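Below is one structure, written out as structure tokens; comments come after it.
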Amino acid sequence: MSSTWSCFKRGHRIRVQVSSGAFPRYARNPGTGVPRATATVLLAADQTVHHDPEHPSAIILPTRVQD
């Protein structure tokens, strides 16, 4: 994924979306192990985000103090 940046004002919220793909922006992954160029079958993928005390998850965003 390429780098990006945004400036959020104090109190603003952001949303994080977890997905298996963003075709056509990113090449599809057929999920079969077959090369993308020759794949004819696509398998659905499941994503799991662990967020309990035994499996903590975090997104750490850098901050910069405005000059």
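Quantities reported herein were computed from a predicted structural model and do not represent experimental measurements.
Of all heavy-atom pairs spanning S57 and H51, the tightest one is OG-N, 4.2 Å. Nearest heavy-atom pair across R36 and R28 is CD-O, 2.5 Å. Residues P30 and V34 share a closest heavy-atom pair of CG-O, 3.6 Å.
By the rule that hydrophobic residues join a cluster once side-chain heavy atoms approach within less than 4.5 Å of another member, F8 and V16 end up as members of one cluster.
Residues I59 and I14 have side chains not in contact (no heavy-atom distance under 4.5 Å, counting atoms from C-beta outward).
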